[in-house]
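To start, the structure under review is shown below, and the notes come after it.
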Amino acid sequence: MSLLIKNGRVVTATDDYFADIYVDGETIVQIGKNLTVEADRTIDATGKMVFPGGIDSHTHFDLPFGGTSSNDDFRTGTIAAAHGGTTTCIDFAVQNKGESTIKGLDTWHKKADGVATIDYSFHMIVTDMPVERLPELEKLAEEGVTSYKLFMAYPGVLYVDDGTLYRAFRQAGDNGTRICMHAENGIVIDEIVREAIADGKMGPKYHALTRPTRMEAEGVHRAIAIAEVANVPLYIVHLSCSDALDEVKRARARGVDVMAETCPQYLVLDQTAYFQEGFEGAKYVMTPALREKWNQDVLWKGLEFGHLANIATDHCPFCMKGQKDLGKDDFRKIPNGAPGVENRMSLMYHYGVVEGRLSLNRFVELTSTAAAKTFGLFPKKGTIAIGSDADLVVFDPERKETVSVHNAFTHHMNVDYSTYEGFELQGWSEIVISRGRVICDQGKLVTEGGGQFIKRARHGELLR
Ligand code: URP
Ligand code: ZN
Ligand code: ZN
């Protein structure tokens, strides 16, 4: 199967020009002006932009969490991602405490194998790491799992102590792999939560009010210090606030290899979402929580100036009915997480590019290239170049749509609400191509399945 995309404005993290792109099989083989080659299908991209397929390096499909499981599995989640212009996800496999990480990886392969529509890869969530298990981390790297997430939050569930952090960090550094960190002081937060409950504070807003930004900043500070001593590249996930970003900036200024992602929700939503009537605030119960609005400007500046390196969604959807309502009388029982894998590209285009906060090149870098480079997918993924996978998005920069759970063009996630309900956004993915296969066309899924597991390279290595 061959594909010719004609007359598009081709935008990568570094380039911006008008050209035709010829795809043979799964790969980009020619880029040039007025290509005359014959193709099985020709797409006229006049007036459109052509971006590298989006890479969302933080998703949770079918994650057992909070007494239930996130409601998108690898079938529905990757279909929704595709509609939104994302052609690769890096999901988080989980090690059950006391069990092997290799078993956790196997479980995640079984969840994804044969059902994913876009390509995918895995980080490994490490929930314990006694000395005798350390060699597993090298085995994981050989299997293409070259990053691990550890948690300072959620005591009794995913939390690990500082000794475990240090052990895993040391080994990951030796193996040429990267540490992803959920940085929040969960031990202190649990004490604050205990006090709130004792005072009868049970509603969703107390999820936010019991998680001060200082406790995130403390986690970031501690993770950086441990990573610095252990000599491992560090990546802070879902950074939500100015206090935490200050810690990243300070460390980078003294030469520590630390980078951080933020998520669209921290850029466009704020703490007032919790103060709505009734149980509505449960839609936004996620960790870290949404912050006071002034933090948004600081995060946007962080993206513009490079202190923040990547945008991922932390997509972890739970329905209001039957899942979030487990916590209708007690915010501790509301499953933590919110949907967003489908909305990332348009949110970032609208609030970033259209509203003048990001250049087009920086938009592409933040939605695709940075994740590819950080997590060992580049140059196979994350750019438009000869020899790269033909993961491409034909994007209409003028199209306006209102995000809604009721709008069939904007909502394919398997969840009964939208985090961004009623947002009118400019800029939408119209044709989405994964390794040369057109998978979405004008909001319709035209190819289901066919997504492949991608073994990622180690830190500093290229993937071809
Ligand atoms: O609330 C969230 N973020 N749920 C997903 C798990 C995590 O901490 O990333
Ligand atoms: Zn987390
Ligand atoms: Zn997460």
Side-chain angles (χ1 to χ4, degrees), residues 56-72 77 81 89-95 104 108 120-127 147-160 165 178-186 189-190 193 204 206-208 210-211 215-216 219-220 222-223 234-241 244 260-267 269 271 273-274 281-291 310-320 323-324 326-327 331-341 344 371 375 413 415 417 419:
D56 190 341
S57 56
H58 190 154
T59 62
H60 300 283
F61 299 140
D62 195 10
L63 173 73
F65 200 49
T68 179
S69 286
S70 60
N71 214 41
D72 267 315
C89 283
I90 313 181
D91 200 79
F92 288 84
V94 183
Q95 171 202 24
W108 251 256
Y120 58 93
S121 187
F122 302 129
H123 312 277
M124 174 59 63
I125 291 178
V126 173
T127 56
S147 47
Y148 317 105
K149 182 178 179 188
L150 293 99
F151 288 78
M152 292 169 159
Y154 312 127
V157 189
L158 299 168
Y159 168 89
V160 294
L165 290 181
R178 183 178 288 280
I179 291 292
C180 301
M181 198 65 225
H182 182 132
E184 270 185 308
N185 189 324
I189 287 169
D190 265 14
V193 168
Y206 294 106
H207 173 75
T210 54
R211 310 186 86 86
M215 290 298 99
E216 185 179 349
V220 171
R222 185 159 33 106
L234 181 66
Y235 178 91
I236 307 292
V237 294
H238 49 45
L239 186 142
S240 71
C241 60
E261 80 181 13
T262 189
C263 312
Q265 56 268 33
Y266 303 119
L267 294 164
L269 298 171
Q271 204 181 66
Y274 298 112
K283 291 177 177 171
Y284 311 95
V285 167
M286 62 184 78
T287 305
L290 299 176
R291 304 304 193 181
N310 191 24
I311 292 285
T313 58
D314 194 10
H315 175 80
C316 191
F318 298 101
C319 290
M320 283 294 275
Q323 295 192 297
K324 290 279 187 184
L326 292 169
F331 71 88
R332 292 173 299 176
K333 298 188 179 138
I334 301 170
N336 286 198
V341 73
R344 187 180 66 118
F375 291 114
M413 298 172 285
V415 58
Y417 75 96
T419 318

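As the structure is a prediction and not an experimental result, all values here were calculated from the model. Counting convention: from 1, in listed order, for ligands and their atoms alike.
Atom 1 (O) of ligand 1 has as its closest protein heavy atom T287 N, 2.8 Å. Atom 4 (N) of ligand 1 has as its closest protein heavy atom N336 O, 3.1 Å.
Near H182, meaning under 4.0 Å from any of its heavy atoms, are these atoms of ligand 1: 8 (O). The ligand atoms of ligand 1 that sit less than 4.0 angstrom from a heavy atom of F151 are 8 (O). Counting the atoms of ligand 1 from 1 in the order shown, those under 4.0 Å from a heavy atom of H60 are 5 (C), 6 (C), 7 (C), 9 (O). For ligand 1 and H238, the ligand atoms under 4.0 Å from any heavy atom of the residue are 8 (O), 9 (O). Near G337, meaning under 4.0 Å from one of its heavy atoms, ligand 1 places the atoms 1 (O), 2 (C), 4 (N). Which parts of ligand 1 touch M286 is read off a 4.0 Å heavy-atom cut-off, strictly below it: atoms 1 (O). Close contacts of ligand 1 with H58, meaning ligand atoms under 4.0 Å from a residue heavy atom, involve 9 (O).
Residue-level proximity to ligand 1 for Y154 is carried by the side chain, the only part with a heavy atom below 4.0 angstrom. With a 4.0 Å cut-off on non-hydrogen atoms, K149 touches ligand 1 through its side chain and not its backbone. Under 4.0 angstrom from ligand 1, the non-hydrogen atoms of D314 all belong to its side chain.
Separation of atoms CG (L326) and OG1 (T68) is listed at 6.5 Å; rounding is to 0.5 Å.
Results of the side chain to side chain contact (heavy atoms under 4.5 Å, CB included) test with H58 over N310, V237, I311, D91 single out V237 as the only residue that passes.
Taking the six-membered ring where the residue is Trp, the centroids of Y284 and H207 are separated by 6.0 Å or more. Remark: aromatic rings of F61 and Y120 are distant, center separation not under 6.0 Å. Annotation: Y148 is not in aromatic contact with F92 [ring centroid separation under 6.0 Å not met].
A donor-acceptor contact under 3.5 angstrom links the side chains of S147 and H123, judged on distance only. Side-chain contact annotation: H315 with D72, donor-acceptor N/O pair under 3.5 Å present. Judged purely by distance below 3.5 Å, without hydrogens or angles, the side chains of S240 and R291 pair a donor atom with an acceptor atom.
Checked by atom type and distance alone, the side chain of Y266 pairs as donor or acceptor with a backbone atom of P288 at under 3.5 Å. For D56 (side chain) and T313 (main-chain N/O), a donor-acceptor pair under 3.5 Å exists by modelled atom type.
An angle of 90° is found at the Zn ion (ligand 3) between H58 atom NE2 and D314 atom OD1, rounded to 10°. If you put the vertex on the Zn ion (ligand 2), NE2 of H238 and NZ of K149 sit 110° apart, to the nearest 10°.
A heavy-atom distance below 4.5 Å is found between the side chains of L63 and W108.
For a distance bound of 2.8 Å, the N, O or S atoms of H60 include one lying that close to the Zn ion (ligand 3). Distances from the Zn ion (ligand 2) show that F151 has no N/O/S atom below 2.8 Å.
Looking only at its N/O/S atoms, H182 has ND1 as the one nearest to the Zn ion (ligand 2).
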